[in-house]
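What follows is a single structure, written as structure tokens, with notes after it.
For reference, positions follow the sequence shown, starting with 1.
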Amino acid sequence: MDGIRETLAGMPWWVKWVAIPLLVVLVFGGVITSILSALIGFVFDVLLFVALVGALVFLVKKFSGNGTKSSSNEW
């Protein structure tokens, strides 16, 4: 690890902060993109599932009153 630090210490700032990150994005960009898209897709699926379950619970509570309503069940 010290060898890498010594090598980078002699480089200009633009190599450390511009060129190396650009190379990382060029080489690993496809992997990074696929991981991010899978993560975003998973979060979207979870949110969609939560919304559908919430809507189902709301509809079941709204339409299954068994014909009687008490004041304690009303909002």
For residues L47 and V53: do they belong to one hydrophobic cluster (side chain heavy atoms under 4.5 Å, members Ile, Leu, Val, Met, Phe, Trp, Tyr)? no
Atom CD1 of I40 and atom CD1 of I35: how far apart are they, to the nearest 0.5 Å? 12.0 Å
Hydrophobic clustering (ILVMFWY, side-chain heavy atoms < 4.5 Å, transitive) - are V24 and L36 grouped together? yes
Evaluate the side-chain proximity of F49 to D45: yes if any heavy-atom separation is below 4.5 Å, no if none is. no
If two hydrophobic side chains count as joined below 4.5 Å and joins carry through other members, does I20 share a cluster with V18? yes
Might you point out which heavy atoms bring S34 and S37 nearest each other, and give the distance in Å? O-OG, 3.0 Å
Taking W14 as the starting point, is it possible to reach M11 by hopping between hydrophobic residues whose side chains are less than 4.5 Å apart? yes
When rounded to the nearest 0.5 Å, the distance separating CZ of F28 from CG of L23 is 10.5 Å
Could you state whether L52 and L56 fall into the same hydrophobic cluster, counting links through intermediate Ile, Leu, Val, Met, Phe, Trp or Tyr residues with side-chain heavy atoms under 4.5 angstrom apart? no
If you define the side chain from C-beta out and look only at heavy atoms, does anything of L8 sit under 4.5 Å from I4? yes
